[in-house]
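Here you go, one structure.
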Amino acid sequence: MKNYDWIQHVRGESLFVDDITPPEGTLHAAVFSSPIAHGKIINLDLEIAKKLNDVIEIFTAKDIPGENQIGAIIPDEQLLADGILDFCGQPIAIVVAKDNFSAHQAVKQIKLEFQEYSAVTDAREAFQKGQLIIPPQTFSLGDADSAWKDCDLIVEGTAESGGQEHIYLETQGSFAFPVEGGGIKIISSTQAPTTVQRAAARILNLPMNKVEVDVLRLGGGFGGKEDQATAWACMTALAAFKLKRPVKIILNRQEDIRMTGKRHPYSSDFKIGLTKEGKILAYEVTFYQNAGAAADLATAILDRTLFHCTNSYFIPNVKATAYCCKTNLPPNTAFRGFGGPQGMFVIESAIYKAAEKLGVDPMVIQEKNLLSEDDEFPYGQKTKYCMARPSWKKAIGKYNLGEMKNQVEKFNLENKIFKKGLALMPICFGISFTNTMLNQANALVHVYTDGSIGISTGAIEMGQGVNMKLRQVAATIFSVDISRVKIETTNTSRAANTSATAASSGADLNGKAVQIACNNILERLIKSAQQELKSNETDQIEVKDEIVYLNGNQTELTWNILVQKSYAKRTSLSSQAHYATPGIHFDKSKVKGEPFAYHVYGTAIIQVTVDCLRGTYEIDFVKVVHDFGKSMNPIIDRSQAEGAIMQGIGWMTIEEVIYTKYGKLLTDSMSTYKVPDVYFTPKEIEVDFLDNPNPSAAIFNSKAIGEPPLMYGIGIYFSLCNAIKAFRSNAEIKNSAPMTNEKLLLMLYEPAGQNLKRKLKNKMTVK
Ligand code: MTE
Ligand code: HPA
Ligand code: MOS
């Protein structure tokens, strides 16, 4: 069962926003943005730019007919800055010209006079200055304060994890045109058409029914288009609305990297208490999240950090606090894992430190504390069908951990410069939007009189294969060939009030809605067949492989004939259905509930080889046992796992987002921001399916796959730490991701490394 889209992709036939042939007279927009991270606009001079050839118009905040506001959760983000500048790259004006080149030329001719304020780029500094976007959030279980006295060992420390740029292949973009009656239609590269619709309606002061948003597919989103596709869509909508002409904007790569937010960097403090046997009794953690200049999705992401702060471990006493800190960076945003990885990196760091102190391998502590059936999470939900221990057990057995460890030990004894490191990484990820309201979806299914089927839902295809899975749902329920099923564009007029395709729940939520709608139609078709075959109530009728069976016997009715006869009898061949995940709830005031439909588990083993002379490293293998439920599509699911693992590894190793202390991004291109390439991928990735039907509310007993495997990547950090310690047993391990080659080299040779760094720094200041 292949992913249908892939055939078009490799032929270059799939269309993206920039591929849609624009109507004649389409205008092109480019954005003038803030050159400083913090300050005030004194004067904006557009005169020279406006007079340039082929420039049509320049729009600023005062041209917005509605509210200059795009904040989806908290209204704290202007579309176009009109007073205070809060980050480098903050949009101020939209230049509209006859072509893209002229628009960009004009941007350069805009003159901005400003007063500069000091910028805060660090989350802890923002915290100290009281710059919090929402009040602190706390999760607790048991009584951490009184549990410390029962601990044989208490370890405290800090952990840092960096940002991450999405590098979706298709940059942000949008195309909008006016439609009859004063409305607007937007073709957007967004994971959340309804979010775009709502924001554009607000900007233009139109009712939502006058804003239609349509999405064919995305060239990747990874969370970066859950909230941050909105601005560009609103800009084209504004320009098209004002000029009564089609307007298009496509960011180039550098603009995209500079102006959009990334994964939230976190700085965290932890305190972990254990028995001398390695049982964790208490865990206290404080997260400082670097939100950037506006809330965006930061508050929801902060929630998920708290939900996943104990990863796949049962810890009886937990106190977790999180601060959403406002800084002068572009507003950070969703990124695969949605705050979960940041929380999980800290508990893994704490376990690593505790293991050092206890003189045991971290995997001893990891294994001892894995979740079992009926264990309670800090948010009150209990594990059900818990696969934490089964996946761990299978991984160490199937891949022969004992032999792996021997091999590593042998290699490290025999080699001076090259050292190997091995680490395990168990994961546990909750499936459902943590905001219960968002766990709903709808579908509109049509069966046409030739027997072909068209489906509209709120799901966005962004490479993850959700369209293929939705086709499978319809093909399975109707028992027709999959080629009969077409997934239509995602359109707000056909699927209204939809949640973003996010939280790994796209296939679950929309698949369930499709299932309900198809069953509605099938029920009518069966009734109609009953009449055609003059059978009575107790007879069993079913459609199998496009043929109607009566009590197990083939009849003369085929799918096509049945559809035509049903239509002739004036039977509805369409159905709209709504699905809401049953049973989930969360009480925000008590911070307890059952927010997740189910959890996804798994265990990875990661081995690396470090060149201790150069600080470079290679990934020997990643071997995983993952709980896919009953996979609907093993090829798609395996590719999702592999892609996510690689993205997680990139975040932990070579991907480094660097801002100057003035809030200017230094890593704003593919030459300065390194993502894993084919040479960096593990020599071997093995993904074993823990074949285990999921009894919870999921489509066809599968399990969501989009995000969970990303967190296996966290394991590589500790594989690298182990290799460092094999080179120098007293090396001081810092929990500061990413572990770039430079950082690793310094850790190998510190304090010599520190001295070198100090010398270099002194030299630089003298100059
Ligand atoms: N896979 C590809 N190829 N491209 C993407 O943009 N996004 C990821 C994941 N896998 C993404 C991807 C993210 S962040 C999420 S939340 C899920 O897909 C969303 O899709 P789903 O809910 O259908 O799994
Ligand atoms: N996950 C992903 N995206 C989201 C969530 C979530 O839990 N909540 C809101 N957007
Ligand atoms: Mo995914 S970060 O939930 O879009």
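Whatever order the structure lists ligands and atoms in, that order sets their numbers, starting from 1. FYI, the numbering just counts along the sequence from 1.
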Regarding E655 and Q164, do their side chains bring together a donor and an acceptor under 3.5 Å, going by distance alone?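 Side chains of E655 and Q164: pair found under 3.5 Å.
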
Would you tell me whether Y601 and S312 have side-chain atoms, one donor and one acceptor, within less than 3.5 Å of each other? no

Residue among I427, V624, N692, L690 satisfying side chain to side chain contact (heavy atoms under 4.5 Å, CB included) with S391: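 Only one option passes, and that is L690.
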
Side-chain donor-acceptor pair under 3.5 Å between Q440 and H578, yes or no?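 Indeed, the side chains of Q440 and H578 share at least one donor-acceptor pair under 3.5 Å.
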
Show your working on side chain to side chain contact (heavy atoms under 4.5 Å, CB included) between F596 and I431 and close with a plain yes or no. CA-CA 5 Å; F596 298 120; I431 301 302; 5.7 Å; no

May I ask you to list the atoms of ligand 2 that are less than 4.0 angstrom from any heavy atom of L438? 9 (C)

May I have the N/O to N/O pairs between ligand 1 and the protein that fall below 3.5 Å, each with atom names and distance to one decimal?
residue, atom, partner, partner atom, Å
ligand 1, 1 (N), Q640, NE2, 3.0
ligand 1, 3 (N), G463, O, 3.3
ligand 1, 4 (N), M462, O, 2.8
ligand 1, 6 (O), G221, N, 2.7
ligand 1, 6 (O), F222, N, 2.9
ligand 1, 10 (N), R336, NH2, 3.1
ligand 1, 10 (N), Q640, OE1, 2.7
ligand 1, 20 (O), Q464, NE2, 3.0
ligand 1, 22 (O), S505, N, 3.1
ligand 1, 22 (O), G506, N, 2.6
ligand 1, 23 (O), Q464, NE2, 3.1

Can you list the atoms of ligand 2 that are under 4.0 Å from a heavy atom of R304? 1 (N), 6 (C), 7 (O)

Proximal ligand 2 atoms for A502, defined as those under 4.0 Å from one of its heavy atoms: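 What qualifies from ligand 2 is 3 (N).
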
Is there a donor-acceptor contact under 3.5 Å linking the side chains of T581 and S432? no

Quick one: nearest non-hydrogen protein atom to atom 3 (N) of ligand 2, plus distance? E226 OE2, 3.0 Å

If you draw the axis of the six-membered ring of Y168, does the NZ or CZ of K225 fall within 45° of it and under 6.0 Å from the ring centre?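 Yes, K225 and Y168 form such a contact.
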
Is ligand 2 less than 4.0 angstrom away from at least one heavy atom of T434? yes

I'd like to know if the side chain of Y288 pairs up with that of E160 as donor and acceptor (distance under 3.5 Å, no hydrogens or angles considered).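 Distance-only check fails for Y288 and E160.
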
Contact partition for N435 relative to ligand 2, non-hydrogen atoms under 4.0 Å: neither

Any side-chain donor near an acceptor of the partner, Q172 and D256, under 3.5 Å: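 No pair is found: no donor N or O on one side chain lies under 3.5 Å from an acceptor on the other.
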
Cut-off 3.5 Å, side chains only: do D214 and T489 have a donor facing an acceptor?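 There is such a pair between these side chains.
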
Does any donor atom in the side chain of T327 or N290 lie under 3.5 Å from an acceptor atom in the other side chain? yes

Run the numbers on V213 and N491 for side chain to side chain contact (heavy atoms under 4.5 Å, CB included), then give the verdict. CA-CA 6 Å; V213 181; N491 184 296; over 6 Å; no

Does E707, backbone or side chain, put an N or O under 3.5 Å from an N or O of ligand 2? no

F338 and ligand 2 - part of the residue with a heavy-atom distance under 4.0 Å: side chain

Residue shell around ligand 3, heavy atom under 4.0 angstrom: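 Near ligand 3, by chain and number: Q191, G223, E226, A334, F335, R336, A502, A503, E707.
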
Aromatic rings H599 and F377: how do their planes relate, parallel, tilted or perpendicular, breaks at 30° and 60°? parallel

